[in-house]
Q: 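Take a look at the following structure, please.
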Amino acid sequence: MNRMILPLLLAATAFAPLAHAAATPAPTPAAIVRPAPPVVHYRTAKVDGVDIFYREAGPANAPVVLLLHGFPTSSHMFRNLIPALADRYHVIAPDYPGFGQSAAPDHTQFAYTFGHYADLVDGLMGQLKADRYALYVMDYGAPVGYRLALKHPERVSGLIIQNGNAYDEGLKAFWDPIKAYWAEDTTARREALSVLVAPQTTKFQYTDGVKDLSRIDPDNWGHDQALLDRPGNKDIQLDLFKDYGSNIPLYPKFQAFFRAYQPPTLIVWGKNDQIFPADGAAPYLRDLPKAELHLLDTGHFALEDKLDVMAPMIHDFLDRKIARP
């Protein structure tokens with residue numbers, strides 16, 4: 001009997017470490033830590049007595065990116081882009097008076113002009129102590145941003161241009177009724193432009209030239225139209241249609257700024273846009289030969305359709321050209 005027990009004891013002793021090892025749970029892999037999305041702040045500043053609403057995100061001491069919106073929207077158009085850039089950049093996106101959440105004084109008491117808008121944005125940036133910035137300009141944002149650049153050319157660290165015009169080639173048939181209003185300021189020609197603030201036009205700006213409409217959030221035109229329909233807002237917009245003509249004589253000055261300062265430039269343009277067609281994109285290369293030009297298969301509000309393409313492209317451009325070493 002003892003002869004049988006001894007081998008069994010030896011065998012059990014030999015397998016004990018294996019049994020212990022099998023019973024010990026495998027070490028848990030380290031938890032995957034993902035960075036939290038940047039926090040966006042919604043603020044209002046008093047600039048020259050006017051409430052200017054703006055969105056702000058990103059590290060306070062990071063390079064500044066100033067986002068300037070178009071018609072008929074507001075900083076709302078950048079709501080998805082801001083978090084994509086704010087991991088490494090201090091992003092500021094204001095609403096002009098009469099747009100978004102900024103004040104909308106009566107048009108008879110307030111100058112709704114692009115020059116005035118540039119002055120107010122300049123005042124806001126002064127309050128925020130942002131003395132150098134990359135400009136993202138779209139639609140109305142182009143003349144606002146370029147006027148700002150003429151005021152302070154040394155402050156512009158770079159340009160991101162999305163369907164924003166600075167050349168005569170970019171004003172095609174869509175602009176003919178507006179040009180007629182510039183040529184002759186009559187009640188009839190002014191009222192003829194009322195269609196540009198109508199719901200069907202607002203929706204058109206988001207959907208025209210887009211191949212897959214399921215990519216476009218219909219809340220866009222609902223949001224914008226509600227603001228356009230505020231009492232008195234139509235006259236604000238008609239005043240701006242009139243004043244847009246004041247930008248055209250400045251085109252040579254804008255172009256001279258491009259040539260003299262050669263800011264790093266990324267052009268990302270919805271090529272199917274009827275308002276600011278692709279005819280206005282290529283001329284930038286005459287004055288900014290090192291600009292990076294990308295024509296995207298979409299329409300006016302390219303960010304709504306092509307954010308997945310544009311956000312990495314814009315971030316990469318900023319990382320290469322704007323970010324501090």
Q: Side-chain contact test, heavy atoms from C-beta onward, threshold under 4.5 Å: evaluate it for Ile314 versus Leu81 and give yes or no.
A: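 When only atoms from C-beta onward are counted, Leu81 and Ile314 do touch, with a gap below 4.5 Å.
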Q: What about His116 and Phe110, are their ring centers closer than 6.0 Å?
A: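 His116 vs Phe110: aromatic centres under 6.0 Å.
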Q: Between Asp139 and Asn163, is there a side-chain donor-acceptor contact under 3.5 Å, judged purely by atom types and distance?
A: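 Asp139 and Asn163 do not have a side-chain donor-acceptor pair below 3.5 Å.
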Q: Quick one, Met310 with Gln162, criterion side-chain contact (heavy atoms from CB on, under 4.5 Å). Give me CA distance, side-chain angles, the key distance, then yes/no.
A: CA-CA 10 Å; Met310 293 173 66; Gln162 182 218 320; 4.0 Å; yes
Q: Closer than 4.0 angstrom, basic N to acidic O: yes or no for Asp316 and Lys321?
A: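 Judged by the 4.0 Å cut-off on N to carboxylate O distance, Asp316 and Lys321 do not form a salt bridge.
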Q: Using the ring-ring contact (aromatic ring centres under 6.0 Å, His included) definition, which of the options Phe174, Trp175, Phe71 pairs with Phe276?
A: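 Answer after filtering Phe174, Trp175, Phe71: Trp175.
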Q: Taking the side chain as C-beta and beyond, is there a heavy-atom pair between Leu159 and Pro264 under 4.5 Å?
A: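 A side-chain contact is absent here, since even the closest heavy-atom pair is not under 4.5 Å.
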Q: I need the single residue from Phe258, Phe257, Tyr251 that forms a ring-ring contact (aromatic ring centres under 6.0 Å, His included) with Tyr146. Which is it?
A: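 By the ring-ring contact (aromatic ring centres under 6.0 Å, His included) criterion, Tyr146 pairs with just one of Phe258, Phe257, Tyr251: Phe258.
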Q: Would you call Arg43 and Glu56 a salt bridge, taking side-chain N to carboxylate O under 4.0 Å as the test?
A: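 Salt bridge present between Arg43 and Glu56.
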Q: Might you point out which heavy atoms bring Pro38 and Pro83 nearest each other, and give the distance in Å?
A: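 Scanning both residues, the minimum pair turns out to be CG-O, 3.4 Å.
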Q: Would you mind checking if Arg190 and Asp239 are paired as a salt bridge, meaning a charged N to carboxylate O distance below 4.0 Å?
A: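 Yes, Asp239 and Arg190 are salt-bridged.
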Q: Could you tell me whether the side chain of Pro97 reaches within less than 4.5 Å of the side chain of Tyr117, counting heavy atoms only?
A: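 Touching, per the 4.5 Å side-chain cut-off.
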Q: Kindly indicate, with the supporting measurements, whether the criterion salt bridge (Lys or Arg N to Asp or Glu O under 4.0 Å) is fulfilled by Lys151 and Asp119.
A: CA-CA 9 Å; Lys151 288 166 67 74; Asp119 290 342; 3.2 Å; yes
Q: Would you please indicate yes or no on a ring centroid separation below 6.0 angstrom for Phe204 and His300?
A: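 No: the rings miss the under 6.0 Å criterion.
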Q: Is there a donor in the side chain of Ser102 and an acceptor in the side chain of Asp95, or the other way round, less than 3.5 Å apart?
A: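 Short answer, no.
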Q: His69 and Tyr96: aromatic ring centres closer than 6.0 Å?
A: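 Ring-ring flag for His69/Tyr96: true, centres closer than 6.0 Å.
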Q: Taking the side chain as everything from C-beta on, heavy atoms only, tell me whether His76 gets closer than 4.5 Å to Arg55.
A: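 Answer yes - side chains close enough.
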Q: Kindly determine whether Lys179 and Glu184 satisfy salt bridge (Lys or Arg N to Asp or Glu O under 4.0 Å), including the steps that lead there.
A: CA-CA 9 Å; Lys179 290 178 180 178; Glu184 188 178 4; over 6 Å; no
Q: Would you call the rings of Trp221 and Tyr206 parallel, tilted or perpendicular, where under 30° means parallel and over 60° means perpendicular?
A: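 Ring orientation of Trp221 relative to Tyr206: tilted.
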Q: Between the side chains of Tyr133 and Arg155, does any donor sit under 3.5 Å from an acceptor?
A: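 Short answer, no.
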Q: What I'd like to find out is whether the side chain of Trp269 reaches to under 4.5 Å of the side chain of Leu296, using heavy atoms alone.
A: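 No, every pair of side-chain atoms sits at 4.5 Å or beyond.
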Q: Using the ring centroid of each side chain, check whether Tyr136 and Phe78 are separated by less than 6.0 Å.
A: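 Ring-ring flag for Tyr136/Phe78: true, centres closer than 6.0 Å.
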Q: Would you say Gln200 and Val195 make side-chain contact, with heavy atoms under 4.5 Å?
A: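 They are in side-chain contact.
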